[in-house]
**Student:** 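What follows is a structure written as structure tokens; I'll ask about it next.
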Amino acid sequence: MDYKNIITIDPGKRSGKPCIRGMRITVGDVLGWLATGMSFDDILEDYPELTQDDILAVLAFAAAREQRTQFVAA
């Protein structure tokens with residue numbers, strides 16, 4: 001999934017948090033919904049402006065960010 005055309009970052013929107021297609025729905029919003037147990041279908045029903053590709057892009061973005069993060073053991 002190439003998330004680069006779906007995930008947008010605009011300093012003037014949601015304090016520069018990564019959003020979906022310029023909307024006010026953030027990557028963090030979607031990850032939070034998934035973490036609480038919402039299914040793709042639940043999210044798409046509650047937010048019909050989203051698509052399955054949007055949710056997959058969120059997951060791809062989060063995975064890419066995680067791969068770039070390095071932790072230093074204390």
Side-chain angles (χ1 to χ4, degrees):
M1 161 61 65
D2 183 12
Y3 60 83
K4 294 177 182 113
N5 294 323
I6 295 175
I7 305 301
T8 57
I9 299 174
D10 178 355
K13 190 169 286 179
R14 297 291 304 263
S15 301
K17 293 178 182 176
C19 293
I20 299 169
R21 294 185 285 114
M23 293 186 273
R24 298 189 57 76
I25 299 172
T26 68
V27 166
D29 292 335
V30 176
L31 290 173
W33 299 330
L34 292 168
T36 64
M38 287 181 77
S39 69
F40 279 34
D41 288 338
D42 293 335
I43 294 169
L44 297 174
E45 184 176 320
D46 287 352
Y47 300 91
E49 63 272 32
L50 295 178
T51 67
Q52 182 171 326
D53 281 347
D54 293 334
I55 299 171
L56 292 173
V58 163
L59 294 173
F61 178 86
R65 184 169 273 192
E66 174 63 22
Q67 289 176 349
R68 289 189 306 265
T69 304
Q70 293 181 340
F71 295 97
V72 177

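Sequence positions, counted from 1, serve as the residue numbers for this chain.
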**Student:** Over all heavy atoms of both residues, which pair between Leu31 and Ala62 is shortest? Give the atoms and the distance, please.
**Tutor:** CD1-CB, 4.0 Å

**Student:** Kindly compute the distance separating CE (Met23) from CD1 (Ile6), expressed to the nearest 0.5 Å.
**Tutor:** 9.5 Å

**Student:** Can you name the closest pair of heavy atoms from Gly22 and Lys13 and give their distance?
**Tutor:** O-NZ, 2.5 Å

**Student:** Quick test of your reading: applying ring-ring contact (aromatic ring centres under 6.0 Å, His included), list the pairs with at least one residue in residues 5-30, sequence neighbours left out, ordered by first then second residue.
**Tutor:** none

**Student:** Would you name the heavy atoms of Ala64 and Tyr3 that are closest together and state the gap between them?
**Tutor:** CB-OH, 3.6 Å

**Student:** Give the minimum heavy-atom separation between Gly37 and Asp42, together with the two atoms involved.
**Tutor:** O-OD2, 4.4 Å

**Student:** Could you point out which residue of Val30, Asp29, Thr26, Asp53 forms a side-chain contact (heavy atoms from CB on, under 4.5 Å) with Ile20?
**Tutor:** Val30

**Student:** Please step through side-chain contact (heavy atoms from CB on, under 4.5 Å) for the pair Asp46 and Met38, ending with a clear verdict.
**Tutor:** CA-CA 10 Å; Asp46 287 352; Met38 287 181 77; 3.4 Å; yes

**Student:** What distance do Ile7 atom CD1 and Asp2 atom CG have between them, rounded to the nearest 0.5 Å?
**Tutor:** 10.5 Å

**Student:** On a heavy-atom basis, which atom in Ile25 and which in Glu49 lie closest, and how many Å separate them?
**Tutor:** CD1-OE2, 3.5 Å

**Student:** Check side chain to side chain donor-acceptor pair (under 3.5 Å) between Thr51 and all other residues, then give those that pass, not counting sequence neighbours.
**Tutor:** Asp54

**Student:** Say you draw a straight line from CZ of Arg14 to OG1 of Thr8; how long is it, rounded to the nearest 0.5 Å?
**Tutor:** 11.5 Å

**Student:** Nearest 0.5 Å please: distance from the CD1 atom of Ile55 over to the OH atom of Tyr47.
**Tutor:** 11.0 Å

**Student:** Measure across Ile9 and Pro18 and return the closest heavy-atom pair with its distance rounded to 0.1 Å.
**Tutor:** CG1-CA, 3.8 Å

